[in-house]
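The block underneath contains the structure these notes are about, expressed in structure tokens.
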Amino acid sequence: MSAQYEIFDPAFADMIDTTTPPEMIADGCVWTEGPVWLNDTLYFNDIPNKRMMKWQPTHGVSVALANSEFANGNTLDRMGHMVSCEHGGRRVIRRHDPEDLNAVEVIAERYNSKRLNSPNDVVVRSDGSVWFTDPPYGINSDIEGYPAENEIGGCYVFCAAPDGILTAVATDFDKPNGLAFSPDESRLYIADSGAIRGASFPGIDYDLPHHIRVFDVDGTTLTGGAVFAEITPGVPDGFRVDQAGYVWTSAMDGIHCLAPDGQCLGKIQLPSQTSNLCFGGADGTDIFITASDKVWHVRSTRRDAAHQHANQPSGDPS
């Protein structure tokens, strides 16, 4: 399959520049993840190669960190610092300098004195709390982490308060994965990718979860949890919510654009399995997509809902 667009609703053509095919801007990796736009630079992880890469429009692709400890999802906090989930370190960290391995602050690494599994994806709420998922992918094999036992007894979704208190906010997931808040932060979307076991275990079991659920949020209490959308082919991995409440999610065949009612309006179709995406670029409307060994760029008219709450330094226009 070539890189192209599939339109189910005319509104999709107003969101994406469908006259220009997706542009491949990076390749030669193994499994790309965690795209985030910071300081006029796209950072992303190449998990099995245990490194963080960067792409700049004028300089192309280079290595940002030679040892990223199998880092997966990245986001920005309200001051424009990168927040990363480490599979290898089994922790969530704040990077004060994204290219300095030692300039980090630990946000969360233990729950009830036991090590986390392998934090996977992360989002920061406007009150500074850090919400993240903790599936077992990094402890299942040595491809994207270090084999180990699950110490905490499950795969949970957590909230780390600004004072460091860690709360398990959802405990009924198989393998929680991507997550994002609605524009007003009253709802939280969480992916369950239980249908796949990870890099060492090919195949998909569609009898297991491959959907996004949505919860009402009151402080650190989540209620509801109905299935918002079931994703096929593949599973939902990382995703973003734009400022109008549309959900842009990864899938086996590219990126699916879902309306607030869960209807799929169109797809950015790519030739390999996608893992995540972010909004960025000069005005925050470019979409960068990590897809297997490559990274793709698409122009849009959308912006990330999370960015409207940020207080980022002037060097980061996203």
Side-chain angles (χ1 to χ4, degrees), residues 25-26 29 31-47 50-57 59 61-65 68-87 91-101 103-105 107 119-126 128 130-133 177-181 191 237-243 248-250 255 274-291 294-298 300 302-318:
I25 60 173
C29 297
W31 178 254
T32 57
E33 248 285 11
V36 63
W37 183 264
L38 174 62
N39 296 331
D40 301 320
T41 301
L42 177 73
Y43 290 95
F44 60 96
N45 292 314
D46 182 10
I47 300 178
K50 208 174 166 182
R51 61 184 183 175
M52 183 164 67
M53 311 298 290
K54 65 178 181 180
W55 173 85
Q56 296 168 308
H59 294 88
V61 180
S62 59
V63 176
L65 274 181
S68 63
E69 275 298 349
F70 297 104
N72 191 326
N74 295 317
T75 193
L76 299 180
D77 69 13
R78 299 308 156 194
M79 298 306 296
H81 296 120
M82 186 187 299
V83 177
S84 295
C85 291
E86 284 185 348
H87 278 189
R91 61 185 188 169
V92 180
I93 60 173
R94 178 176 288 106
R95 300 189 189 276
H96 294 283
D97 179 345
E99 300 186 37
D100 184 345
L101 186 64
V104 301
E105 168 193 351
I107 296 172
N120 186 283
D121 210 348
V122 60
V123 64
V124 179
R125 197 163 66 170
S126 59
V130 178
W131 299 60
F132 65 94
T133 56
N177 205 311
L179 74 172
F181 284 100
D237 195 333
F239 60 89
R240 295 290 188 273
V241 177
D242 71 28
Q243 292 182 0
W248 300 76
T249 180
S250 58
I255 299 298
T274 61
S275 63
N276 215 328
L277 73 152
C278 75
F279 291 88
D283 63 359
T285 61
D286 289 351
I287 297 177
F288 298 98
I289 305 165
T290 48
K294 298 176 175 60
V295 179
W296 299 81
H297 167 243
V298 171
S300 84
R302 321 308 286 178
R303 289 183 174 86
D304 195 329
H307 293 168
Q308 65 190 342
H309 302 291
N311 180 25
Q312 296 174 12
S314 59
D316 179 10
S318 67

With a 3.5 Å distance limit and no angle check, can you tell me whether S300 reaches the backbone of T285 through a side-chain donor-acceptor pair?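 Side chain of S300 to backbone of T285, a donor-acceptor pair under 3.5 Å: yes, one is there.
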Check whether D77 reaches the backbone of M79 with its side chain - one donor and one acceptor, N or O, closer than 3.5 Å.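 Pair found, side chain donor or acceptor close to backbone of M79.
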Write down the atom of [X], the atom of [Y], and the distance for their closest heavy-atom approach.
| X | Y | result |
| --- | --- | --- |
| P98 | M52 | O-CE, 2.9 Å |
| F181 | V241 | O-CB, 3.6 Å |
| L277 | F239 | CD2-CA, 3.8 Å |
| V61 | A26 | CG2-CB, 3.6 Å |
| V92 | P119 | CG2-CB, 3.7 Å |

For a salt bridge (Lys or Arg N to Asp or Glu O under 4.0 Å) with R302, tell me which candidate from D283, D286, D242 qualifies.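 Among D283, D286, D242, the one meeting salt bridge (Lys or Arg N to Asp or Glu O under 4.0 Å) with R302 is D242.
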Inter-residue atom distance [X].[atom1] - [Y].[atom2], 0.5 Å rounding:
| X | Y | atom1 | atom2 | value |
| --- | --- | --- | --- | --- |
| N74 | C85 | CG | SG | 8.0 Å |
| N72 | T133 | CG | OG1 | 8.0 Å |
| L65 | E99 | CG | CD | 7.0 Å |
| E105 | R94 | CD | CZ | 4.5 Å |
| I25 | K294 | CD1 | NZ | 13.0 Å |
| S275 | I47 | OG | CD1 | 7.0 Å |

Side chains of [X] and [Y], heavy atoms from C-beta outward: is any pair under 4.5 Å?
| X | Y | result |
| --- | --- | --- |
| V104 | R91 | yes |
| C29 | F44 | yes |
| E69 | H87 | no |

Side chain to side chain contact (heavy atoms under 4.5 Å, CB included), that's the test. Do H81 and R95 meet it? Break it down for me. CA-CA 6 Å; H81 296 120; R95 300 189 189 276; over 6 Å; no
Cut-off 3.5 Å, side chains only: do [X] and [Y] have a donor facing an acceptor?
| X | Y | result |
| --- | --- | --- |
| E33 | N45 | no |
| N276 | S250 | no |
| T41 | N39 | no |

Just to verify, what does W55 make a ring pair (Phe, Tyr, Trp, His ring centres under 6.0 Å) with, not counting sequence neighbours?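 For W55, the residues satisfying ring pair (Phe, Tyr, Trp, His ring centres under 6.0 Å) (neighbours in sequence not counted) are F288.
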Could you walk me through whether V63 and M53 pass the side chain to side chain contact (heavy atoms under 4.5 Å, CB included) test, one step at a time? CA-CA 4 Å; V63 176; M53 311 298 290; 3.9 Å; yes
Please walk me through it: do F279 and I287 pass side chain to side chain contact (heavy atoms under 4.5 Å, CB included)? CA-CA 5 Å; F279 291 88; I287 297 177; 3.5 Å; yes
